[in-house]
There are 2 protein chains.
Amino acid sequence: MSSNARPLSKKKIRQENERLILDAAEKVFAEAGFGGATMQLIADLAGLPKANLHYYFPTKESLYRQVVQTIFQDWLKAADIFDAAPGPVEGIGAYIDAKMEISRRHPAGSKVWASEVMHRAPVIQDYLETTLVEWTEDRMQVIQRWIDAGQMDPIDPRYLLYMLWATTQHYADFGHQIETLNDGKPLSNEQWEDAKNSVKAIILKGVGARPSKGT
Amino acid sequence: MSSNARPLSKKKIRQENERLILDAAEKVFAEAGFGGATMQLIADLAGLPKANLHYYFPTKESLYRQVVQTIFQDWLKAADIFDAAPGPVEGIGAYIDAKMEISRRHPAGSKVWASEVMHRAPVIQDYLETTLVEWTEDRMQVIQRWIDAGQMDPIDPRYLLYMLWATTQHYADFGHQIETLNDGKPLSNEQWEDAKNSVKAIILKGVGARPSKGT
DNA sequence: TTTCATCTTGACCATACGGTCAGGAAATGA
DNA sequence: TCATTTCCTGACCGTATGGTCAAGATGAAA
């Protein structure tokens with residue numbers, strides 16, 4: 001029907017192309033690392049000439065920075081649930097659900113993040129020192145309140161958070177290893193459910209989480 | 001005393017230099033990734049001219065392969081304890097101890113391994129498919145026996161293993177993040193103890209591990 | 001229609017990197 | 001002492017890569 005090309009507005013063009021480039025970049029950075037990724041590879045995957053990438057993102061580093069920042073936002077957002085919860089069963093449970101879902105839907109993003117941190121966070125160290133530190137302290141207080149209220153065992157909230165991050169992100173970062181151990185096939189729907197439930201069951205029981213009373 | 005240089009035997013020289021190169025390579029690969037690492041950087045860290053590296057290791061890839069294989073061996077060896085244990089409390093506990101110790105003492109190795117797997121294991125995929133698969137099946141059987149003997153809750157051993165790997169390696173792979181959240185300082189001895197004990201406490205309680213009876 | 005800003009891209013450049021090599025030094029063994 | 005093997009290394013090379021640029025195409029605004 002509308003096979004005749006209706007001229008795209010400049011604004012749309014920009015949005016569209018930046019989207020294309022960022023998506024391609026995330027994948028390539030995830031699979032090859034910052035050093036191993038090439039602008040040419042990203043350009044090919046995005047279906048654009050290389051020079052065009054440099055029009056939207058002056059340097060490889062600026063493109064990478066943009067990718068990592070976006071991922072960092074998602075990372076933080078996943079924990080909004082945490083605060084609204086009445087107790088650890090709901091809060092921790094929902095957080096695990098959310099992070100497992102991210103690992104499943106956006107493994108590339110998780111890998112880029114892992115890579116960035118493993119390399120001592122060359123581009124987002126300032127974020128770690130400000131935003132992440134604040135964020136972590138807030139969540140630690142929430143957990144501490146649950147402990148004080150007798151809703152779970154007295155465990156240093158710090159190490160519980162690390163455990164939550166580790167167990168959930170593992171399914172993205174080490175997805176290839178898990179796949180190999182699953183006869184080379186990706187986890188099925190049921191397997192993802194099992195994994196999620198296993199993680200939740202072990203951790204919730206492990207911290208002695210007691211269901212909140214009331215409605 | 002023996003300040004006059006006694007000529008080094010060829011054999012010693014070879015051993016010594018290969019050691020120097022492998023150690024330097026592990027660090028550089030860990031910090032920069034395969035793509036980001038340069039032979040020049042490794043050479044500088046090892047204190048040798050670049051051409052000398054190529055004398056001992058023909059290509060960058062062969063050097064990298066050697067590094068990864070060595071790490072893989074350590075990885076597997078850490079689980080010998082597992083088999084000898086009479087029950088989950090001892091077995092899982094000792095395994096966590098061992099892997100936490102590795103994360104602490106050889107974080108670079110852990111990072112290289114993580115990086116390799118994240119990039120879909122380009123150089124050791126065959127090892128994953130053979131050795132790792134066998135290894136994993138063996139450990140899963142051990143866990144299953146504990147379950148059948150009523151020594152712990154019925155949990156799919158697969159997901160328990162993933163959890164053990166994830167939680168312990170996290171302290172190496174994300175060590176920089178953890179350090180940042182610790183006022184920029186490395187974990188102290190006591191903090192490492194706390195971390196280790198937290199992990200053990202949560203997981204052992206979480207899987208309902210019951211101390212083995214008898215002596 | 002005309003003007004202007006934005007977008008597109010093939011061709012090009014400088015650099016850095018993995019890898020080579022030839023010629024010499026040093027240990028080994030007879 | 002004299003071959004022979006092993007080790008060492010500065011200089012060099014081809015290629016791949018990040019980045020530039022100038023000239024043109026395309027939509028926006030008047």
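A, B, ... follow the sequence lines: proteins, then strands. Residue 1 opens every chain.
Separation of the B:Phe82 and B:Trp146 ring centroids falls under the 6.0 Å cut-off.
Using bins of under 30°, 30° to 60° and over 60° for the plane-to-plane angle, the ring pair B:His170/B:Phe174 lands in the parallel bin.
Rounded to a whole Å, the CG atom of A:Asn52 is 8 Å from the C1' atom of C:dT9. Between the OH atom of B:Tyr64 and the C1' atom of C:dG18 there is a distance of 17 Å, given to the nearest Å. Between the OH atom of B:Tyr55 and the P atom of D:dG10 there is a distance of 16 Å, rounded to whole Å. If you measure from atom CD1 of A:Ile13 to atom C1' of D:dT26, you get 8 Å, rounded to the nearest angstrom. B:Lys12 places its NZ atom 14 Å from the P atom of D:dC7, with the value rounded to the nearest Å. To the nearest angstrom, P of D:dG18 lies 11 Å from CG of A:Leu63. Atom CD of A:Glu18 is separated from atom C1' of C:dT6 by 13 Å (rounded to the nearest Å). For the pair B:Ile42 CD1 and C:dA16 P, the interatomic distance rounds to 18 Å; values are reported in whole Å.
Qualifying ring pair (Phe, Tyr, Trp, His ring centres under 6.0 Å) partners for A:Tyr56, counting only residues two or more places apart in sequence or in other chains: none.
The main-chain N or O of B:Glu193 is found under 3.5 Å from a side-chain atom of B:Asn197 such that the two form a donor-acceptor pair.
For D:dT6, the OP1/OP2 oxygens have no side-chain nitrogen or oxygen of B:Arg14 closer than 4.0 Å.
Nearest to the side-chain atoms of A:Ala51 among the listed nucleotides D:dT6, D:dC21, C:dT8 stands D:dC21.
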Identify each atom pair where a protein N or O and an N or O of nucleotides 13-17 of chain D are less than 3.5 Å apart, giving names and distance.
none

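In this structure, A:Asn17 and B:His54 both approach DNA chain C, and ranking their closest nucleotides by distance from the 5' end singles out A:Asn17.
B:Tyr56 comes within 4.0 angstrom of sugar-phosphate atoms only, judged by non-hydrogen atoms across all strands, and of no base.
Note on A:Asp83 versus A:Arg139: salt bridge recorded, some NZ/NE/NH1/NH2 to OD/OE distance being below 4.0 Å. A salt bridge links B:Arg14 with B:Glu18: the distance from a Lys NZ or Arg NE/NH1/NH2 to an Asp or Glu carboxylate oxygen falls below 4.0 Å.
Judged by the 6.0 Å and 45° rule, A:Lys60 forms no cation-pi pair with A:Phe29.
In this model, no side-chain donor or acceptor of B:Lys10 finds a partner on the base of C:dT28 within 3.5 Å.
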